[in-house]
Novice: 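Below is one structure. I have some questions about it.
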Amino acid sequence: MRIILLGAPGAGKGTQANLLSEQLGIPQISTGDLLRSNMKNETPLGKTAKSYMDKGLLVPDEITLSLVRDRLNKDDCKRGFILDGFPRTLQQAKALENELEGTASNLDLVINIDIADEEIIKRLSGRRICSNCGNTYHMDYNPPRENGTCDKCQNTLIQRNDDEESTVIKRLNTYHEQTEPLIEYYQKRNMLTEIDGTKTIEEIGFDLTSVIGKLAMGA
Ligand code: AMP
C-alpha cells in the first residue's frame, strides 16, 4: 500500500503515519524527520535546510527530492510506504510520479487531514517531540506517561524551534500558498479522501483504517 498523508503542519500527519506504519508494517517516510536528522548530525544538507526550516519556509526541492529518492530505493519500501510531509509542492508531486513510474508501485491513496488554522496554532504550541526518536506528544491531548520524558525511549522531550507561534504562522502561510493546491491536484485524479482532523487521535485513526480497509477490499 502506497499512501500520501496531506494536511497543514500540525494536522496530525506524523502521529497518524506512525500508527499506520505499525498497523500496516510499512515504513513512515517523513521528510521533516529526515531533515531534522541531518540537522542533528550537522551534515552540509542539514545546515542548509536549517536556514529555511527556522524561517517557516520550504527547503529547496532538490534537497527533499534527493532524500526521498534515496529512501524510496531502500528494500523496506518494496511492500509500500506512508509519505508524511511529502509532496509539499506541485513540482514535488510531479517528481514523485516520475520516480514511481516504471516501478510496479504507483500511489494507492492520498488522504488529506483537514483542520482550521486557529486549531493548529493551539495544537502546535503544546506539541513536544522526543529529542532522540522524534516521537510526538501534546501536553493536553496526548501527554507522555511521565512529564517531559518519551514513553518509547525515555529521552527528553523538547519543543521544536519552528513550533514557536510566529514561525507557525509563517509555516501556515507557506502551506496555503504552496501545498494546499495539491488537494485539487489529487482530487482531479480521483485519488483524494478527506478526513476530519478536528476529531481525536483515536477517531482519526479509526477513520483512516476504515478508508484503507475499503480500498484493500476494492470498494
Ligand atoms: P514537518 O516536520 O513535516 O512539519 O516539516 C518541518 C519543516 O521541514 C517544514 O516547515 C519545511 O521547512 C521542511 N520540510 C519538510 N518536508 C518538506 C518538503 N517536502 N519540502 C520542503 N520542505 C520540507
Novice: Any luck finding a side-chain donor-acceptor pair between Y52 and D54 under 3.5 Å?
Specialist: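 No - no donor-acceptor pair under 3.5 Å links their side chains.
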Novice: Hey, is the main chain of L45 close enough, under 3.5 Å, to the side chain of K50 for a donor-acceptor pair?
Specialist: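 No, because the side chain of K50 does not come within donor-acceptor range (under 3.5 Å) of the backbone of L45.
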Novice: For the pair E42 and K47, find out whether any cationic side-chain nitrogen is under 4.0 Å from an anionic carboxylate oxygen.
Specialist: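 Salt bridge absent between E42 and K47.
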Novice: Quick one: are L67 and L35 in side-chain contact, heavy atoms under 4.5 Å?
Specialist: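 They are in side-chain contact.
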Novice: Could you give the distance from OG1 (T198) to CD1 (I204), rounded to the nearest 0.5 Å?
Specialist: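 Going from the OG1 atom of T198 to the CD1 atom of I204 covers 7.0 Å.
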Novice: Would the number of heavy atoms belonging to other residues, nucleotides or ligands and lying under 6.0 Å from CD of E180 be above 12?
Specialist: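 Counting neighbours around CD of E180, more than 12 heavy atoms of other residues, nucleotides or ligands fall under 6.0 Å, so yes.
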Novice: What do you reckon, is OH of Y141 surrounded by more than 12 foreign heavy atoms closer than 6.0 Å?
Specialist: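 Count over threshold, so yes.
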Novice: Distance-only, no hydrogens or angles: does the N155 side chain make a donor-acceptor pair with backbone N or O of C153 under 3.5 Å?
Specialist: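 Present.
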Novice: Show your working on salt bridge (charged side-chain N to carboxylate O under 4.0 Å, His left out) between E177 and K170 and close with a plain yes or no.
Specialist: CA-CA 11 Å; E177 277 167 27; K170 284 190 205 132; over 6 Å; no
Novice: Taking 4.0 angstrom as the limit, do D33 and R36 come out as a salt bridge?
Specialist: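 Yes.
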Novice: Report yes or no: do L90 and I4 belong to one cluster of Ile/Leu/Val/Met/Phe/Trp/Tyr joined by side chain heavy-atom distances under 4.5 Å?
Specialist: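 Yes, same cluster.
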Novice: How long is the straight-line distance from NZ of K214 back to OG1 of T193, given to the nearest 0.5 Å?
Specialist: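 If we round to the nearest 0.5 Å, T193:OG1 and K214:NZ are 9.0 Å apart.
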Novice: Hey, are R160 and D162 close enough for a salt bridge, meaning a charged N less than 4.0 Å from a carboxylate O?
Specialist: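 Yes.
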Novice: Considering residues, nucleotides and ligands other than N147, do more than 12 of their heavy atoms fall under 6.0 Å from its CG?
Specialist: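 Open: at most 12 neighbouring heavy atoms sit under 6.0 Å from CG of N147.
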Novice: How many angstroms lie between atom CD1 of I169 and atom CG of D117, to the nearest 0.5 angstrom?
Specialist: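 Nearest 0.5 Å value for the CD1-CG distance: 9.5 Å.
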Novice: Between L83 and I3, does a side-chain contact (heavy atoms from CB on, under 4.5 Å) hold up when you go through it step by step?
Specialist: CA-CA 6 Å; L83 284 170; I3 302 170; over 6 Å; no
Novice: Under 4.0 Å between a side-chain nitrogen and a carboxylate oxygen: does that hold for R171 and E165?
Specialist: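 The answer is no: the pair does not qualify as a salt bridge.
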Novice: Is there a donor-acceptor contact under 3.5 Å from the side chain of K55 to the main chain of S51?
Specialist: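 Judged by distance alone, yes, a pair lies under 3.5 Å.
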Novice: Do the side chains of L192 and L109 get nearer than 4.5 Å, heavy atoms only?
Specialist: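 The answer is no, as the side chains (C-beta and beyond) never meet within the 4.5 Å cut-off.
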Novice: With no hydrogens and no angle check, is any side-chain donor or acceptor of T31 less than 3.5 Å from a backbone partner on T64?
Specialist: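 The answer is no, because no donor-acceptor pair under 3.5 Å joins these two groups.
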Novice: May I have the step-by-step check of side-chain contact (heavy atoms from CB on, under 4.5 Å) for I195 and V211, ending in yes or no?
Specialist: CA-CA 9 Å; I195 296 258; V211 169; 4.1 Å; yes
Novice: Do L72 and F81 have side chains that approach each other closer than 4.5 Å (heavy atoms only, starting at C-beta)?
Specialist: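 Result yes, sub-4.5 Å side-chain heavy-atom pair found.
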Novice: Determine whether a donor-acceptor pair (N or O, by modelled atom type, separation under 3.5 Å) exists between the side chain of E203 and the backbone of T200.
Specialist: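 Yes, E203 side chain to T200 backbone: donor-acceptor pair under 3.5 Å.
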Novice: Determine whether T48 and V59 make a side-chain contact, defined as any pair of heavy atoms from C-beta on separated by less than 4.5 Å.
Specialist: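 Side-chain contact under 4.5 Å: no.
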Novice: Can D163 and R127 be counted as an ion pair, charged N to O under 4.0 angstrom?
Specialist: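 A salt bridge is present here (some side-chain N lies under 4.0 Å from a carboxylate O).
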Novice: Applying the side chain to side chain contact (heavy atoms under 4.5 Å, CB included) criterion to I212, which one of D108, L20, D207 satisfies it?
Specialist: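 Among D108, L20, D207, the one meeting side chain to side chain contact (heavy atoms under 4.5 Å, CB included) with I212 is L20.
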Novice: Apply side chain to side chain donor-acceptor pair (under 3.5 Å) to the pair N173 and Y175, showing each step before the final yes or no.
Specialist: CA-CA 5 Å; N173 289 339; Y175 166 77; over 6 Å; no
Novice: Side chains of P144 and C150, heavy atoms from C-beta outward: is any pair under 4.5 Å?
Specialist: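 No. Closest side-chain heavy atoms not under 4.5 Å.
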Novice: With rounding to the nearest 0.5 Å, note down the distance linking CZ in R128 to CD1 in I158.
Specialist: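 The CZ atom of R128 sits 10.0 Å away from the CD1 atom of I158.
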Novice: So does G56 get a backbone contact from the side chain of T174, meaning a donor-acceptor N/O pair under 3.5 Å?
Specialist: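 Yes, because the side chain of T174 sits within donor-acceptor range (under 3.5 Å) of the backbone of G56.
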Novice: Between H138 and R123, is there a donor-acceptor pair closer than 3.5 Å when you use the side chain of the first and the backbone of the second?
Specialist: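 Yes; judged by distance alone, with no hydrogens or angles, the pair exists.
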Novice: With distance as the sole criterion, is a donor-acceptor pair present between the side chains of N38 and T43 under 3.5 Å?
Specialist: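 Yes, a side-chain donor-acceptor pair sits under 3.5 Å.
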Novice: Kindly indicate whether the side chain of L65, heavy atoms from C-beta on, has any atom under 4.5 Å from the side chain of E62.
Specialist: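 Result no, sub-4.5 Å side-chain heavy-atom pair not found.
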Novice: Please confirm whether the backbone N or O of G7 pairs with a side-chain atom of K13, one donor and one acceptor, at under 3.5 Å?
Specialist: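 Confirmed, K13 side chain pairs with G7 backbone.
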Novice: Stepwise, does the side-chain contact (heavy atoms from CB on, under 4.5 Å) test hold for D61 with T89?
Specialist: CA-CA 8 Å; D61 280 349; T89 62; 3.4 Å; yes
Novice: In the structure I gave you, are the side-chain heavy atoms of K94 and Y185 within less than 4.5 Å of one another anywhere?
Specialist: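 With C-beta onward as the side chain, the pair touches.
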Novice: Main chain of T156, side chain of S131: is a donor-acceptor contact present, judged purely on distance under 3.5 Å?
Specialist: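 Yes, the answer is positive, given that a donor and an acceptor are paired below the 3.5 Å cut-off.
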Novice: Determine the minimum heavy-atom distance between T179 and P87, stating which atoms define it.
Specialist: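 Here T179 and P87 meet closest at CG2-O, 4.4 Å.
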Novice: Mind listing the closest non-hydrogen atom pair of M39 and G46 along with its distance?
Specialist: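 Here M39 and G46 meet closest at CG-O, 3.3 Å.
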Novice: Salt-bridged, E118 to K122, with N to O below 4.0 Å?
Specialist: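 A salt bridge is absent here (no side-chain N lies under 4.0 Å from a carboxylate O).
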Novice: Looking only at heavy atoms, which two atoms of I120 and A8 are closest? And how far apart?
Specialist: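 In this case the closest contact between I120 and A8 is CD1-CB, 3.4 Å.
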Novice: Mind checking the CD1-CG spacing from I183 to N112? Nearest 0.5 Å is all I need.
Specialist: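 I183 CD1 to N112 CG: 4.0 Å, rounded to 0.5 Å.
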Novice: Would you find more than 12 non-hydrogen atoms of other residues, nucleotides or ligands less than 6.0 Å from Q187 atom CD?
Specialist: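 Yes - once you tally the heavy atoms of other residues, nucleotides and ligands closer than 6.0 Å, there are more than 12.
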Novice: Tell me, with the steps shown, if D196 and I115 meet side-chain contact (heavy atoms from CB on, under 4.5 Å).
Specialist: CA-CA 7 Å; D196 178 359; I115 182 161; over 6 Å; no
Novice: Are Q16 and I113 close enough that some pair of their side-chain heavy atoms sits under 4.5 Å apart?
Specialist: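 Yes - at least one pair of side-chain heavy atoms lies under 4.5 Å apart.
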Novice: With rounding to the nearest 0.5 Å, note down the distance linking CG in L208 to CG in L5.
Specialist: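 Reported value, rounded in 0.5 Å steps: 6.5 Å.
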Novice: Would you say N18's side chain and G14's backbone share a donor-acceptor pair under 3.5 angstrom?
Specialist: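 No; zero donor-acceptor contacts below 3.5 Å.
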